[in-house]
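Below, read A as the first sequence line, B as the second, and so on, with proteins coming before strands; counting in each chain starts at 1. Below, all heavy atoms of this structure are taken into account, side chains as well, without hydrogens, waters or symmetry copies. The structure displayed is predicted, hence computed values, not measured ones.
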Number of protein chains: 2
Amino acid sequence: MQITSRFTIALHIFTCVEYFKDDHKVTSDFLAGSINTNPVIIRKILTQLKNADLITIARGTGGITVNRPLSEVTFYDVYQAIEPVENSALFHFHESPNPNCPVGRNIHTLLDDKLKAAQGAMEDELKKHTLEDLKNEALDLIATEK
Amino acid sequence: MQITSRFTIALHIFTCVEYFKDDHKVTSDFLAGSINTNPVIIRKILTQLKNADLITIARGTGGITVNRPLSEVTFYDVYQAIEPVENSALFHFHESPNPNCPVGRNIHTLLDDKLKAAQGAMEDELKKHTLEDLKNEALDLIATEK
DNA sequence: TTCGTTGTAACTCTTGAAATTACAGCGCTT
DNA sequence: AAGCGCTGTAATTTCAAGAGTTACAACGAA
């Protein structure tokens, strides 16, 4: 099982918004072209980002604005906005271990904190990167392409 | 998206094997009872653990032996044995960004190392815990239950 | 009012986990 | 050598979710 591609798509979206904002109006159709998927997929992701207050979307006209300074939006913020997982648990626990078994009725207590720590380590790593880093690295990389 | 419950089931299995080994023969049926699932599910997971050389399964008789000292088997070893994900990538990247778009053809380069670092942080955390820790904590916890 | 865009419902396709049934193969035990 | 309990595995079903697609109403600027 993997974390949805919607997360990398969201990061792709932010990169495009910043990279193209002076040259094109960045619409869901335009983004769908760069990402190579369906505009409706993009709109759904944009809606999630809007619900998390990360962006503002202009209705009618179209166009996307990032609500906060790029240096204050981390990959983790994007991840949280996108991943709809129930109580945000990365690991799926087997539902109903047997309460009559000493192991079965204690396995949750034994594992929960360790799984949470592993998830936390991943999330802390995501917090290290901001959208500003991403934008700057994108500009650098594209500049050296020529 | 979440990591399969097969991972927590595998840890549950190891705990049972150690906890019950002197009192019961630990068969897939017995384990299925503690975990509350189907014996075939258990056997499939056992096969994965066997293929990773973590355990030996006695055919005919039944019964499970851990191949290495418990202190030398980490949660990460179990995780690797269980998760069959293609090239072990935790994050699923959108398949085919547009190569004609400067962002599209560079997005992989921009994100890959960061995603890998996040995954690595999670895996390193899993490496901190061994099956021996788990067994000892289980014994402690069950002892204090009474 | 028109036009380009967003918001969203409804549907299909595909994939994968999980569960279940069925049965062949193995190796003690007697 | 025959029976028995267990493992190995194929085949099938059920269910949930991601992804893609079509269709259309709602919005806002020109």
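- Inter-residue side-chain proximity for B/I42 and B/I9 is flagged as met; some heavy-atom pair is nearer than 4.5 Å.
- For the pair B/S34 (side chain) and B/L31 (backbone), a donor-acceptor distance under 3.5 Å is absent.
- For the pair B/T37 and C/dA19, the criterion of a side-chain N or O lying under 4.0 Å from OP1 or OP2 is met.
- Looking at the side chain of A/R59, the nearest of the listed nucleotides D/dA19, D/dT22, C/dT6 is C/dT6.
- For B/K25, taking side-chain heavy atoms from C-beta onward, the closest of the listed nucleotides D/dG20, C/dA18, D/dC6 is D/dC6.
- Of the residues near DNA chain D, A/V40 and B/L46, the one whose nearest nucleotide (by heavy atom distance) lies more toward the 5' end is B/L46.
- Formation of a donor-acceptor pair under 3.5 Å by the B/D77 side chain with backbone atoms of B/T74 is found in this model.
- When distances are taken from the side chain of A/K44 to each of C/dA19, D/dT7, D/dG20, the shortest belongs to D/dG20.
- Fit an axis to the five pairs at each end of the helix from C/dT1-D/dA30 to C/dT30-D/dA1 and the two axes sit 10° apart, to the nearest 10 degrees.
- Within the structure, a side-chain polar atom (N or O) of A/K50 is placed less than 4.0 Å from OP1 or OP2 of C/dG7.
- For the atom pair B/C101 SG and A/H12 NE2, the distance stands at 5.0 Å (nearest 0.5 Å).
- Listed nucleotides C/dG7, C/dT5, D/dG18 differ in distance to A/T4; the shortest reach to its side chain belongs to D/dG18.
- Atom CD1 in B/I42 sits about 13 Å away from atom P in D/dG8, given to the nearest Å.
- With C/dG7, D/dG20, D/dT7 as the choices, the nucleotide that has an atom nearest any side-chain atom of A/N38 turns out to be D/dG20.
- Going from atom CG of B/L49 over to atom C1' of D/dT7 covers 15 Å, rounded to whole Å.
- Of the possible donor and acceptor atoms, one in the side chain of B/Q119 sits under 3.5 Å from a partner among the backbone N and O of B/L90.
- Using a 4.0 Å cut-off, no side-chain N or O of B/T47 falls inside it from OP1 or OP2 of D/dT7.
- Between the side chain of A/E83 and the backbone N or O of A/I3, no donor-acceptor pair lies under 3.5 Å.
- Among the nucleotides C/dT21, C/dA18, D/dA19, the one closest to the side chain of B/R6 is C/dA18.
- Using a 4.0 Å heavy-atom criterion, one finds that B/I41 contacts the bases of the nucleic acid, with or without backbone contacts as well.
- Between B/E95 atom CD and C/dT14 atom P there is a gap of 15 Å when expressed in whole angstrom units.
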